[in-house]
Amino acid sequence: MTTTAPAGASAPPQPEPSAAPPAPRRRSLTGGGGLFVLPFLVFFVLFLVWPVVQGLWMSLTDASLALRDTEFVGLANYAEAFGDPDVWSSLGNTVFFTVISCVPLVLVALAMALLVHSGLAGQWVWRLAYFAPYLLPVTVVTLVWTWLYQPDIGLGNQLLTSLGLEPVGWLSDESVAMWSVAALTVWWTVGFNFLLYLAALQSLPVTYDEAAALDGAGAWRRLWSVTLPQLRHTTVLVAMLQVLASLKVFDQIYILTKGGPNGSTRPILEYVYDVGFTGYRLGYASAISYVFFALVIVISVVQLRFFRQEG
């Protein structure tokens with residue numbers, strides 16, 4: 001049964017529609033969150049943008065630590081860099097070091113993470129042992145390995161002698177020196193990659209591995225067909241970070257070998273240092289560094305496209 005309003009009665013007042021909310025106002029950089037970003041922008045411009053611009057201008061001049069006056073020379077420094085055999089040899093050393101160090105730094109880190117993740121007894125001991133070298137400063141690492149590489153009393157040659165083999169000039173033989181530096185680098189920095197892989201393994205869902213086990217897949221089959229495919233993105237990240245880090249190698253080589261013997265271990269950054277601060281040619285050193293910077297950008301872009309296609 002419905003009720004109707006009596007005749008002559010006015011209809012109840014309808015609520016007025018609410019006004020539309022005001023459009024959000026754009027905050028200026030000087031207000032709100034911009035004040036929190038401003039200190040970072042100041043440091044970013046002062047310590048990154050301005051040095052890059054200043055270095056680019058310096059590469060177009062004959063700036064020198066030995067001369068007070070500076071003249072604009074255009075692209076002369078770049079032309080000299082492309083024709084300098086020392087640039088190409090040091091660049092070849094850098095690429096060679098990157099290749100022989102990146103492969104074990106990825107594979108060894110993955111193997112270490114798999115061993116720890118498999119449930120070995122004494123987990124904290126293994127994690128500490130694998131990651132602790134990464135916390136050491138480069139001076140300590142090179143000092144320890146310098147003693148290990150000593151030709152007469154070093155542990156390396158003592159082990160070879162005990163096995164009836166000839167001692168090796170770890171840092172004096174041109175064909176061995178770079179491999180010695182790569183071994184040091186792998187021992188020193190593999191802990192960081194190990195930590196990335198271990199974190200990735202611990203975040204993987206166990207349902208896929210359990211399903212494969214129920215289907216009768218063995219441990220190796222589950223590793224190759226289930227675990228490793230799920231680590232593809234972590235491997236891409238580790239490989240990209242490691243390539244960029246190896247291309248910028250300088251500290252351990254400079255302290256350990258000074259680029260010797262006969263320049264066989266001198267990377268491109270050490271040559272930039274020698275030209276700029278030993279030869280006093282800041283303009284030419286800047287040009288070489290920007291050529292190397294362009295090469296790093298190209299390698300990074302190629303890596304991104306390759307791994308994107310693989311993914």
Side-chain angles (χ1 to χ4, degrees), residues 40 44 47-48 51-52 90-117 126-142 145 178-204 223 227-256 265 267-270 272-273 289-311:
F40 168 77
F44 180 77
F47 296 102
L48 184 62
V52 169
S90 58
L91 187 60
N93 293 336
T94 305
V95 174
F96 179 64
F97 171 82
T98 301
V99 172
I100 65 175
S101 64
C102 285
V103 175
L105 277 170
V106 174
L107 297 181
V108 173
L110 176 60
M112 291 162 53
L114 289 172
L115 286 174
V116 172
H117 186 67
W126 293 103
R127 298 185 187 191
L128 178 63
Y130 289 158
F131 187 70
Y134 183 74
L135 302 177
L136 298 176
V138 62
T139 51
V140 174
V141 174
T142 52
W145 282 78
M178 187 63 83
W179 292 93
S180 301
V181 176
L184 176 155
T185 304
V186 171
W187 178 85
W188 177 33
T189 61
V190 73
F192 180 74
N193 297 339
F194 154 75
L195 200 63
L196 293 178
Y197 271 121
L198 184 61
L201 285 170
Q202 292 177 344
S203 64
L204 293 180
L223 173 64
T227 304
L228 293 183
Q230 293 182 87
L231 294 176
R232 181 174 62 251
H233 296 293
T234 303
T235 302
V236 170
L237 174 63
V238 170
M240 292 186 63
L241 292 177
Q242 196 55 61
V243 167
L244 294 178
S246 296
L247 286 174
K248 296 183 295 182
V249 61
F250 173 77
D251 298 343
Q252 61 266 40
I253 291 181
Y254 184 76
I255 299 175
L256 194 66
T265 61
I268 186 67
L269 291 184
E270 184 177 342
V272 171
Y273 174 84
S289 64
Y290 276 89
V291 171
F292 178 63
F293 175 72
L295 177 63
V296 171
I297 294 296
V298 171
I299 293 176
S300 301
V301 172
V302 172
Q303 275 188 300
L304 284 174
R305 292 188 175 182
F306 173 77
F307 288 127
R308 187 176 301 173
Q309 292 176 357
E310 290 294 322

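Each residue takes its place number in the sequence, starting with 1.
For Trp126, the CH2 atom counts as loosely surrounded, since its 6.0 Å shell holds 12 or fewer non-hydrogen atoms of other residues, nucleotides or ligands.
Every residue meeting the side chain to side chain contact (heavy atoms under 4.5 Å, CB included) condition with Leu237, not counting sequence neighbours, appears here in chain and number order: Leu241. Legend: residues meeting side chain to side chain contact (heavy atoms under 4.5 Å, CB included) with Trp179, ordered by chain and number and at least two apart, are Phe96, Ile100. For the side-chain hydrogen bond (donor to acceptor under 3.5 Å, both in side chains) test, residues two or more places apart in sequence or in another chain that qualify with Thr265 are Thr257. For the ring-ring contact (aromatic ring centres under 6.0 Å, His included) test, no residue two or more places apart in sequence or in another chain qualifies with Trp188. Taking Phe97 as the reference, nothing meets the ring-ring contact (aromatic ring centres under 6.0 Å, His included) condition, with sequence neighbours excluded. Residues satisfying the side-chain hydrogen bond (donor to acceptor under 3.5 Å, both in side chains) criterion with Thr185, sequence neighbours excluded, are Gln252. Applying the side chain to side chain contact (heavy atoms under 4.5 Å, CB included) rule to Leu128 yields the partners Trp124, Ala132; only residues at least two apart in sequence or on another chain are considered. Remark: Phe250 engages Tyr254, Tyr273 in a ring-ring contact (aromatic ring centres under 6.0 Å, His included) (not counting sequence neighbours). Residues satisfying the side chain to side chain contact (heavy atoms under 4.5 Å, CB included) test with Val238, not counting sequence neighbours, are Val106, Asn193, Leu196, Tyr197, Thr234.
Taking CG of Leu114 as the start and CZ of Phe194 as the end, the distance is 10.5 Å to the nearest 0.5 Å. Taken to the nearest 0.5 Å, the CG atom of Leu115 stands 5.5 Å off from the OH atom of Tyr130. Atom OG1 in Thr227 sits 7.0 Å away from atom CG in Leu201 (nearest 0.5 Å). Atom OG1 of Thr235 and atom CE of Met240 lie 13.0 Å apart (nearest 0.5 Å). Atoms CG and CG, on Leu184 and Leu256 in that order, are 6.0 Å from each other to the nearest 0.5 Å. Interatomic distance, OG1 of Thr139 versus CG of Asp251, reported as 9.5 Å (0.5 Å rounding).
Two residues are said to be in side-chain contact when any heavy atoms from C-beta on lie closer than 4.5 Å; Leu198 and Met112 fail this criterion.
Contact record, Val186 with Pro104: CG2-CG, 3.8 Å, taken as the closest heavy-atom pair. Scanning both residues, Gln242 and Cys102, for their nearest heavy atoms gives O-SG, 3.6 Å. For Trp187 against Pro133, the heavy-atom pair with the smallest separation is O-CB, 3.5 Å.
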Chi angles and distances behind the side chain to side chain contact (heavy atoms under 4.5 Å, CB included) call for Val181, Trp145: CA-CA 9 Å; Val181 176; Trp145 282 78; over 6 Å; no

Side chain to side chain contact (heavy atoms under 4.5 Å, CB included) between Leu223 and Leu228, worked out: CA-CA 6 Å; Leu223 173 64; Leu228 293 183; 4.1 Å; yes

Evaluation steps, side chain to side chain contact (heavy atoms under 4.5 Å, CB included), between Leu304 and Val301: CA-CA 5 Å; Leu304 284 174; Val301 172; 5.6 Å; no

Under 3.5 Å, side-chain donor or acceptor atoms of residues 290-300 against the rest of the protein: list the pairs with distances, not counting sequence neighbours.
residue: Tyr290; atom: OH; partner: Val52; partner atom: O; Å: 2.4
residue: Tyr290; atom: OH; partner: Leu56; partner atom: N; Å: 3.1
residue: Ser300; atom: OG; partner: Val296; partner atom: O; Å: 2.8

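Sorted by first and then second residue, the side chain to side chain donor-acceptor pair (under 3.5 Å) pairs with a member in residues 92-107 read Ser101-Ser246; sequence neighbours excluded.
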